[in-house]
Amino acid sequence: MSPIAPQSEAELMQRVEQIAGMDLAMLASRLGLTPPDTLLHHKGWAGQLLEKILGADAGSLAEPDFRQIGVEMKTLPINRNGQPIEATYVCTVPLQTLGENWASSWVRNKLKRVLWVPIEGDRDIPVHNRRIGQGILWSPSSQQEEALRQDWEELMDMVCLGDIEKITAKQGAYLQIRPKAADSTVKTQAVGSSGGKILTHPRGFYLRTRFTAEVLDSVHRQPPD
DNA sequence: AGCTGATCATAT
DNA sequence: ATATGATCAGCT
């Protein structure tokens, strides 16, 4: 029962509500699958399972997971207090671009509309017992987008000026740049310090947990009485 | 204990 | 190689 792609956000969220509270073993069994004992060699397993369960149809294409409705899905590992455990990968950092702007950036476009699906991620919980939380369909508030834009511009200025090797994961209040590759031997072309080309580690943009924690909070917050 | 840099699997 | 999906694990 591989579901058809949802044709509306309402249809998607109906499916999301139906799986809230279920654990990974229950969801996997629907597709005749069994969760791995550990995620060490299956790091994207839960995310790919959720895509199949919810009917994502973009595969490995550089498009939103739910193409018809333009929604990107991200699983979000959380601890017992409901706080995100890991940073969230967004997309590759373009290392050869010279004059990109925030409005047309890959980061902004990826984060336009996101379905966040919290999943228990504490390592002492067996993978098959980890439960799905309440999914959140989200778009950045103007304040959130502004914060991301500032980080993005600071970081991309450095990339364009040939200072990629000076960038560390400590930079960026909410958006950071970190290596993203099979291992540290992988290299790709980038703008060098003299404007020429150099080889460097491929990098990715990641959302810090302090950002995704805010996304979760914005939903749990009770309306004023 | 949290964070940064490194790493793992699969598809195209 | 680079896109997709992320988590691991040593260092501070």
Side-chain angles (χ1 to χ4, degrees), chain A residues 5 24 27-28 31 33-67 70-97 105-107 109-111 114-128 130 132-133 135 151 155 159 164-190 197-213:
Chain A
L24 292 177
L27 285 180
L31 303 179
L33 303 175
T34 305
D37 289 335
T38 164
L39 295 182
L40 174 56
H41 298 287
H42 305 274
K43 294 185 179 180
W45 186 85
Q48 311 228 298
L49 173 68
L50 266 292
E51 286 185 349
K52 289 176 196 158
I53 289 287
L54 296 175
D57 60 343
S60 287
L61 301 179
E63 301 197 31
D65 295 304
F66 301 95
R67 302 164 76 177
V71 174
E72 174 75 15
M73 188 205 75
K74 298 243 167 247
T75 56
L76 189 58
I78 56 170
N79 64 21
R80 286 186 168 72
N81 299 320
Q83 298 298 117
I85 293 171
E86 292 279 355
T88 301
Y89 172 69
V90 179
C91 60
T92 301
V93 178
L95 296 175
Q96 304 197 67
T97 182
S105 71
W106 204 346
V107 172
N109 278 276
K110 276 257 180 184
L111 297 180
V114 180
L115 169 62
W116 299 98
V117 182
I119 301 184
E120 289 178 326
D122 286 314
R123 293 191 200 180
D124 60 357
I125 304 176
V127 174
H128 68 270
R130 296 185 188 180
I132 307 303
D151 286 340
L155 292 164
V159 169
I164 179 64
E165 301 291 17
K166 293 182 185 168
I167 295 178
T168 98
K170 296 181 179 62
Q171 283 176 257
Y174 297 101
L175 189 69
Q176 62 181 172
I177 285 182
R178 286 159 50 187
K180 166 69 173 171
D183 58 66
S184 63
T185 69
V186 178
K187 295 291 180 58
T188 192
Q189 221 164 52
K197 296 181 194 298
I198 61 166
L199 287 178
T200 188
H201 304 305
R203 317 295 169 94
F205 282 113
Y206 291 79
L207 293 174
R208 291 185 182 279
T209 54
R210 71 173 67 114
F211 186 88
T212 49

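Note that the structure is predicted; figures quoted are calculated from it, not measured. Each chain gets a letter, A, B and so on, in the order the sequences are listed, and its residues count up from 1.
- Put simply, A:Gln176 has a side-chain N or O that comes within less than 4.0 Å of OP1 or OP2 on B:dT4.
- The nearest heavy atom of DNA chain C to A:Pro202 and to A:Ala87 marks one nucleotide each, and the one closer to the 5' end goes with A:Pro202.
- Residue A:Pro77 comes nearest to A:Glu86 through the heavy atom pair CG-CB, 4.0 Å, listed as atom of the first residue, atom of the second, then distance.
- Of the candidate nucleotides B:dT7, B:dG5, C:dA3, B:dG5 has the atom nearest to the side chain of A:Arg178.
- Side-chain N/O atoms of A:Ser184 include none lying less than 4.0 angstrom from OP1 or OP2 on B:dG5.
- For A:His41 and B:dA9, the shortest distance from a side-chain N or O to OP1 or OP2 is below 4.0 Å.
- For the atom pair CG of A:Asn79 and CG of A:Asp122, the computed distance is 5.5 Å after rounding to the nearest 0.5 Å.
- Which of C:dA6, C:dA9, C:dA3 sits closest to the side chain of A:Glu86 comes down to C:dA9.
- Rounded to an integer number of Å, the gap from CD of A:Gln48 to C1' of C:dG5 is 5 Å.
- Comparing B:dT7, C:dG5, C:dT7 by their nearest atom to the side chain of A:Lys110 picks out C:dG5.
- The listed nucleotides are B:dT7, B:dC3, C:dC8; the one nearest the side chain of A:Thr209 is B:dC3.
- Residue-to-nucleotide contacts include no donor-acceptor pair under 3.5 Å from the side chain of A:Tyr89 to the base of C:dA3.
- Using a 4.0 Å heavy-atom cutoff across all strands shown, A:Thr92 reaches sugar-phosphate atoms only and no base atom.
- What separates CD1 of A:Ile85 from C1' of C:dA9 is a distance of 14 Å, to the nearest Å.
- Distance A:Gln96 CD to C:dA1 P: 13 Å, rounded to the nearest Å.
- Atoms CH2 (A:Trp106) and P (C:dT2) sit 11 Å apart, rounded to a whole Å.
- Rounded to an integer number of Å, the gap from A:Tyr206 OH to B:dA6 P is 11 Å.
- Side chain of A:Pro179, nearest nucleotide from B:dA6, C:dC8, C:dG5: B:dA6.
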task: Test A:Arg203 against A:Glu165 for salt bridge (Lys or Arg N to Asp or Glu O under 4.0 Å), laying out the working first.
output: CA-CA 11 Å; A:Arg203 317 295 169 94; A:Glu165 301 291 17; 3.1 Å; yes

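- Note on A:Gly44: a base of the nucleic acid sits closer than 4.0 angstrom, heavy atoms only.
- A distance of 4.0 Å separates CD1 in A:Ile53 from CG in A:Leu31, rounded to the nearest 0.5 Å.
- Between A:Asp183 and A:Arg210, the residue whose closest nucleotide on DNA chain B is further toward the 5' end is A:Arg210.
- Residue A:Arg123 has its side chain nearest to C:dA9 when only C:dA9, B:dG5, C:dA6 are considered.
- Applying the 4.0 Å criterion to OP1 and OP2 of C:dA6, one finds that A:Thr75 has a side-chain N or O inside that range.
- Evaluation of atom-type donor-acceptor distances gives no pair under 3.5 Å for the side chain of A:Lys170 against the base of B:dG5.
- For A:Lys180, whose side chain is taken as the heavy atoms from C-beta onward, the closest listed nucleotide among C:dT2, B:dT4, C:dA6 is C:dA6.
- Atom CG of A:Asp57 and atom P of C:dG5 are 12 Å apart (whole Å).
- Among the heavy atoms of the strands lying under 4.0 Å from A:Glu72 are primed sugar atoms or P, OP1, OP2 only; no base atom is included.
- Within 4.0 Å (heavy atoms only), A:Ala181 reaches at least one base atom of the nucleic acid.
- Cation-pi geometry between A:Arg178 and A:Tyr206 is met: the NZ or CZ atom falls under 6.0 Å from the ring centre, inside 45° of the normal.
- Separating the CD1 atom of A:Ile167 from the C1' atom of B:dG5 is a distance of 14 Å, rounded to the nearest angstrom.
- Distance CG/A:Leu175 to CG/A:Leu155: 6.5 Å, rounded to 0.5 Å.
- Between the NE2 atom of A:His42 and the P atom of B:dT10 there is a distance of 8 Å, given to the nearest Å.
- Side chain of A:Ala169, nearest nucleotide from B:dT4, C:dT2, B:dA6: B:dT4.
- Across A:Met73 and A:Asp65, no two heavy atoms sit closer than the pair N-OD2, 2.7 Å.
- Of all nucleotides listed (B:dA6, B:dA9, C:dA9), C:dA9 comes nearest to the side chain of A:Leu40.
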